[in-house]
Amino acid sequence: QVQLVESGGGSVQAGGSLRLSCVVSGLTFSRIDTGWFRQAPGKEREFVAAMTWMGGTTLYADSVKGRFTISRDYAKSTVYLQMNTLKPGDTAVYHCAAGFGIGITATASRYNYWGQGTQVTVSS
């Protein structure tokens, strides 16, 4: 059974930091490409960041570039999203996603597996 379980969300003030985690089970973690997406109330799902299975290639949305960092721990089968200098506009439910052989992509439909999400709220 494939599971992606996010954690680490919460409420912070603008300028603060959070680190999201996504534990992956039921998949060969070392062979999956992974990404983070977010969805704010009343808005469409938005790409945030992605990393290939080899870990050497990353991609970020322009809105988070320089503030967010995606990484992965192969021993823990976990993908992280370090979020710094948070802004109220970052408020959303954050989902991690995974897929085999999809490469580096911001296209949500290419990811086969999704987590339930974790809420991030940034106040001004």
Side-chain angles (χ1 to χ4, degrees):
Q1 181 182 0
V2 176
Q3 281 191 312
L4 281 69
V5 180
E6 303 96 334
S7 63
S11 296
V12 296
Q13 290 191 327
S17 298
L18 285 172
R19 188 177 78 158
L20 306 184
S21 301
C22 174
V23 179
V24 180
S25 59
L27 296 172
T28 304
F29 184 79
S30 60
R31 296 293 179 178
I32 56 171
D33 301 308
T34 53
W36 286 94
F37 290 77
R38 66 187 182 187
Q39 188 164 19
K43 294 187 177 181
E44 293 191 355
R45 185 168 46 190
E46 174 188 24
F47 169 75
V48 176
M51 173 177 271
T52 56
W53 68 271
M54 288 188 290
T57 304
T58 57
L59 178 67
Y60 295 94
D62 287 343
S63 60
V64 306
K65 201 172 294 183
R67 299 188 298 122
F68 290 13
T69 303
I70 186 172
S71 62
R72 49 198 294 170
D73 184 329
Y74 292 87
K76 296 181 179 179
S77 296
T78 301
V79 185
Y80 300 101
L81 185 67
Q82 178 66 45
M83 306 186 297
N84 298 328
T85 319
L86 283 161
K87 305 175 181 179
D90 295 319
T91 295
V93 175
Y94 284 71
H95 299 267
C96 68
F100 284 104
I102 63 175
I104 196 79
T105 179
T107 304
S109 61
R110 299 200 64 194
Y111 291 85
N112 307 108
Y113 307 99
W114 291 83
Q116 292 298 308
T118 185
Q119 176 71 46
V120 172
T121 303
V122 184
S123 58
S124 57

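Source: prediction; values computed, not measured.
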Please determine whether residues [X] and [Y] belong to a single hydrophobic cluster, defined as Ile, Leu, Val, Met, Phe, Trp and Tyr linked transitively by side-chain heavy-atom distances below 4.5 Å.
X: L4; Y: Y80; result: no
X: V64; Y: V120; result: yes
X: F100; Y: W36; result: yes
X: M51; Y: Y113; result: yes
X: V2; Y: Y74; result: yes

Shortest non-hydrogen separation from [X] to [Y] and the atoms involved:
X: A49; Y: L81; value: CB-CD1, 4.2 Å
X: A98; Y: L27; value: CB-CD1, 4.4 Å
X: P88; Y: S123; value: CG-C, 4.4 Å
X: G35; Y: I70; value: CA-CD1, 4.5 Å

Kindly indicate whether the side chain of [X], heavy atoms from C-beta on, has any atom under 4.5 Å from the side chain of [Y].
X: W114; Y: R45; answer: yes
X: F29; Y: V79; answer: yes
X: L20; Y: M83; answer: yes
X: R72; Y: I32; answer: yes
X: T34; Y: Y111; answer: no
X: N84; Y: S17; answer: yes
X: S21; Y: K76; answer: no

Review point. Once the angle between the rings of F37 and F47 is folded into 0 to 90°, is it parallel (under 30°), tilted (30 to 60°) or perpendicular (over 60°)?
Key: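 Perpendicular.
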
Review point. Should the pair F68 and Y94 be assigned to parallel (<30°), tilted (30 to 60°) or perpendicular (>60°) ring geometry?
Key: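 The rings of F68 and Y94 sit tilted, inter-plane angle from 30° to 60°.
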
Exercise for review: Drop me the distance from S11's OG to Q119's CD, to the nearest 0.5 angstrom.
Suggested key: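 It comes to 7.5 Å.
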
Review point. Can you tell me how far CG of N112 sits from CD1 of I102, rounded to the nearest 0.5 angstrom?
Key: 6.5 Å

Review point. So, does E6 use its side chain to make a donor-acceptor pair with the main chain of Q116 at under 3.5 Å?
Key: yes

Review point. Side chain of T121, backbone of T91: donor and acceptor closer than 3.5 Å?
Key: no

Exercise for review: Identify, with sequence neighbours excluded, every residue that meets salt bridge (Lys or Arg N to Asp or Glu O under 4.0 Å) alongside D90.
Suggested key: R38, R67

Exercise for review: Please identify each residue that fulfils side chain to side chain donor-acceptor pair (under 3.5 Å) with K65, with sequence neighbours left out.
Suggested key: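 With neighbours one apart ignored, the set is D62.
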
Review point. Under 3.5 Å, is there a donor-acceptor pair between the T52 and D33 side chains?
Key: no

